[in-house]
Each structure stands twice: as C-alpha cells, then as structure tokens.
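One-based numbering along the sequence shown. Because the structure is a prediction, the values reported are computed rather than measured. Keep in mind that the numbers below use all heavy atoms, side chains included, and drop hydrogens, waters and symmetry copies. Indexing begins at 1, ligand by ligand and atom by atom, following the structure's order.
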Amino acid sequence: MNANDHVAPFGTIDGELRVGGMPLSRLAARVGSTPFFAYDRGLLDARVDRLRAALPERVELSFAMKANPMPAVVQHLARRVDRIDVASGLEMQAALDSTIRPDRVSFAGPGKAPAEIRQAVAAGIIVEVESTTELDRVLAAGDALGITPTVAIRVNPDFAVKGSGMRMGGGPQQFGIDAEQVPAVLQKYSSTGIDVLGFHVFAGSQNLNAEIIAESQRRTVDLVTDLSAHLPTALRYLNLGGGFGIPYTERDQPLDLDAIGGALADLVDGPIADRFPEASPVIELGRYLVGECGVYVTKVLDRKVSRGKTYLVVDGGMHHQLAASGNFGQAIRRNYPLVVGNRVEETSGEGVTVVGCLCTPLDLLGDDVALPAAGIDDLIVIFQAGAYGLTASPTAFLGHPAPAEVLV
Ligand SMILES: *Cc1c(COP(=O)(O)O)cnc(C)c1O
C-alpha cells in the first residue's frame, strides 16, 4: 500500500488531510502545538463495525490495551468491544475506570508483581496466569481477601505461527505455561478452590497472512480441546489470541479479514459449538483495532540541502514514534507511509529525506520519499500511528517536550 491508500480512509478537505472532520491545519491550531498524535473516533468505530461484520456473531472482541492506553481511547472502545486485555497495573486501572465490567477484563504478561496480582484478584478480573508461581500468588491473594479468584491459563502452544512480526508462542518462551505441562498443573491446583475458566493462547503479532492465522486458530481449538479434558468444569473462556497485522510499508498488503472470518465461522459452527457450548471465542486485538486510526503530526522546522540531498527536519521524531524510525523490532528499516498533510492533493515532485529533531542518525522518519515541495511550517503526517506510538517510544531520550494526544 502507498501513502495515498492511507489518505483515503481519513479523506481530504480543502486540499488537506481530514482528521476528525477537520482540515489538518485547523486541527493543529485546535491542538495548539506540534507534534501531536490524533486518533479519529469515526475510524475507530468503522474498524469495530468492520470486524463485527466479518467475524461470526459469537466471537467476542477484546482490546489489547498496550497498543494504545490513552484514557479517552480506552473509554471510547470500552463501550464498543466485549473485553479489554491489560498487561500492567496501570492499564488495569484504566480499564477499571472505564465502563467495561471487571469480569470482562483480563490481565496477561509474564512477571506480574504480587501487588498487581492482589489488585487484580480484588477487582475480580480474569488473571491469565503464565506460571505456577503466579498461580500460587493468585491463590494467596484469594485466601487473604476471602475471594475465589478467576483465572485462565495462558498456554505456550506446541506449535509456532509462521509469518508473525513478533513470535510469542511455540518453542521455549517466557510467555505462558508449556502446553505439555498444563494437565499436571491443572491436576495439582484442582483442589485449591481456584476457578480456572479456560485458556488463552496468543502465538504472535503483526501477521498479514489470513491462511496462517486461520490455521493457528484451528490448531488452538484442537489444543484447547485436549487441555479442557483436564478441567473440572466446562470450558468458559476460550481466548484464541489475535495477531492481525496492519500494512506498515509499501510492500505490505492489508489482511484478508473476510477469509479469517469465514474460517472462524467454520470453527465456531463446528468444533467450538460441539465441544465448548459455554465458551464464546475471544479474539484479542491491539494494532488492528487502533493502529490505522491514528496519525502522528509534526511540523517542518528546517529544510536544507546537503551535497545534493534535501532534508526536511521536523519537530518530532523517534522519541515519540519510535516504530516509524525502524527501531522498534523491525529487521529491515522501511519507511512508514507519510504525506505533507496540508498539501495532500499536490503532486509529489521531489525526493526528500525526513528526519526528526534528535541529534542521532537513528532519527530517520522518511528515507528518500517522494513528496510535494514542502518547507518550513508544513505539516508532515505519519500514518499507522494509532498503536505502539507514544507509549512505545523513548520519550525521555534527549529531553524534548511530550507531544499532545487527542481523540477527535
Ligand atoms: C501485545 C499483545 C496483544 C496485541 O498484539 P497486537 O499485535 O497489537 O494485536 C494481544 N494479546 C497479548 C497477550 C499481547 O501481549
């Protein structure tokens, strides 16, 4: 996909990118400072609607908050998704502040602090335990509080998912309990009064291949079928993970969501209906829900030519949007889609290199991109900034001010 494909969902108005219904320069005036992140609520809603239309009705949508924990975004999505998955005590607080019911919040992550586990048990959320140490801590918290804790076992599957940007299951992992250990663990804790609702299998992230995702969902259902035979009660929680990717570079094609929905319908109407009548399958998504709804907006501070190469220096950079600089887990650096937001309809006449304001060559936002002639005070917009942006970036590096964040 190229940059124009990313302009289309936002639309244009008066020759500018439209964000939250406004021309970008007006939004910048309304925010009052650059750089800033803007998340478009209309696009968030459209994304949820698109998912609901493509996935079987019985599938529950969970928002993996670590992709974008901005409170306004969390509040907005809390009314639209079925569940929220958190990965820290602070995220748990944000979820509990929202309208979502506590028993619809799940807490994953290796290395939950004992105090966080106690908070989670007190709140009545589902603790997705990743080890027997965590199970012991959950039990202790339940005993101390006089509460029966609800948990799900996060399982490290005995298969790996190919084609994921980040693999988080299969082989040795810090995540989850190895599938082959789960029966013995369930046996050991069967008389403790812990309520094991079911299982969570999250095998990888940023996958753009629908067939591989569908295959992983099929294998997860088979794995959970085997494991659930060791549960004392019927399975009530079946978290199939997610891993739905979004196109970041020109080489990436969007995920075929309808193909995933079709394959999932076969699973839901077949083995899931037969074997797990009391469990609604959960699909847990971070970047796919929010990533494409956000932009990072910077202003050009300087334009200079060095030995024939033109540079635009902007007032933002990798300290706010690390991933766009290629330093957030990417094997090969490729440009994120970017445009001159106040000149989106002008033809791209020149090749320029867009760099951030940090004093390091790592702060590269667009390497030799074709843009309309842009200069000081023009607005450079980086797309795909709604997930793993601000909170996944080293904001203290070089001590520049934090950017604003708005939901529009
Ligand atoms: C990070 C994470 C997610 C979200 O991953 P995305 O690629 O943003 O969809 C979902 N579930 C778990 C357990 C995670 O750790």
Side-chain angles (χ1 to χ4, degrees), residues 39 44 47-48 50-51 55 59-70 73-74 77 81-92 94-95 104-112 116 120 125-131 134 151-157 161 163-170 173-177 198-210 212-213 216-217 220 237-248 252 254-255 257 260 281-294 322-323 328-330 384-393:
Y39 313 116
L44 283 173
R47 182 49 64 107
V48 173
R50 173 80 182 94
L51 279 159
L55 303 180
V59 168
E60 295 186 346
L61 272 185
S62 178
F63 172 44
M65 196 200 291
K66 77 170 188 278
N68 190 331
M70 185 204 181
V73 168
V74 174
L77 283 176
V81 298
D82 305 296
R83 297 175 179 271
I84 294 183
D85 189 67
V86 302
S88 73
L90 209 60
E91 289 190 3
M92 177 169 38
R104 309 237 121 207
V105 177
S106 54
F107 183 15
K112 303 173 192 77
E116 291 174 319
I125 72 178
I126 301 169
V127 184
E128 296 183 324
V129 293
E130 315 235 359
S131 69
E134 288 199 343
V151 305
I153 309 270
R154 178 158 178 194
V155 181
N156 175 24
V161 178
S164 287
M166 261 183 234
R167 218 182 82 179
M168 293 171 73
Q173 288 290 341
Q174 72 266 53
F175 307 107
I177 297 176
F199 302 100
H200 172 211
V201 180
F202 180 76
S205 194
Q206 180 51 20
N207 203 316
L208 288 168
N209 186 317
I212 291 174
I213 290 175
S216 130
Q217 291 173 343
T220 298
Y237 185 72
L238 172 59
N239 187 330
L240 300 176
F244 298 10
I246 60 173
Y248 285 109
D252 293 340
L255 186 63
L257 190 63
I260 293 182
V282 179
I283 296 290
E284 182 179 79
L285 301 173
R287 76 186 77 225
Y288 196 83
L289 269 171
V290 292
E292 300 189 77
C293 308
L322 181 67
F328 189 59
Q330 293 97 326
Q384 310 302 72
Y388 306 108
L390 183 55
T391 57
S393 301

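A salt bridge between Glu128 and Arg154 is absent, with no side-chain N of the basic residue lying under 4.0 Å from a carboxylate O of the acidic one.
Note: Leu238 CG to Ile283 CD1 = 8.5 Å, rounded to the nearest 0.5 Å. Note: Met65 CE to Leu289 CG = 12.5 Å, rounded to the nearest 0.5 Å. To the nearest 0.5 angstrom, Ile260 atom CD1 is 9.5 Å from Ser216 atom OG. Remark: Leu90 CG to Glu116 CD distance equals 9.5 Å, nearest 0.5 Å.
Atom 9 (O) of ligand 1 has as its closest protein heavy atom Gly286 N, 2.9 Å. What sits closest to atom 2 (C) of ligand 1 on the protein, heavy atoms only, is Lys66 NZ, 2.4 Å.
On a distance-only criterion, Arg154 and ligand 1 share no N/O pair closer than 3.5 Å. Where the criterion is an N or O separation shorter than 3.5 Å, residue side chain and backbone included, Ser205 meets it with respect to ligand 1. In terms of polar-atom proximity, Tyr388 is counted as a contact of ligand 1, with an N or O under 3.5 Å from an N or O of the ligand. Every N/O-N/O distance between Ala108 and ligand 1 stays at or above 3.5 Å.
Distances from ligand 1 to the non-hydrogen atoms of Phe244 include no value under 4.0 Å. Under a 4.0 Å heavy-atom criterion, His200 is in contact with ligand 1. Ligand 1 does not have Tyr288 within reach: every non-hydrogen atom of the residue lies 4.0 Å or more from it.
Screening Gln330, Gln384, Arg287 against Tyr248 for a side-chain hydrogen bond (donor to acceptor under 3.5 Å, both in side chains) leaves a single residue, Arg287.
In summary, the atoms of ligand 1 found under 4.0 Å from a heavy atom of Ala64, numbered by their order in the structure, are 3 (C), 4 (C), 10 (C). Per-residue contacts place Glu284 under 4.0 angstrom from the following atoms of ligand 1 (heavy atoms of the residue considered): 10 (C), 11 (N), 12 (C), 13 (C).
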Take Lys66 and Glu91, measure what salt bridge (charged side-chain N to carboxylate O under 4.0 Å, His left out) needs, and give me the verdict at the end. CA-CA 8 Å; Lys66 77 170 188 278; Glu91 289 190 3; over 6 Å; no
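For the pair Phe63/Val290, a side-chain contact is recorded, criterion being any heavy-atom separation below 4.5 Å from C-beta on.
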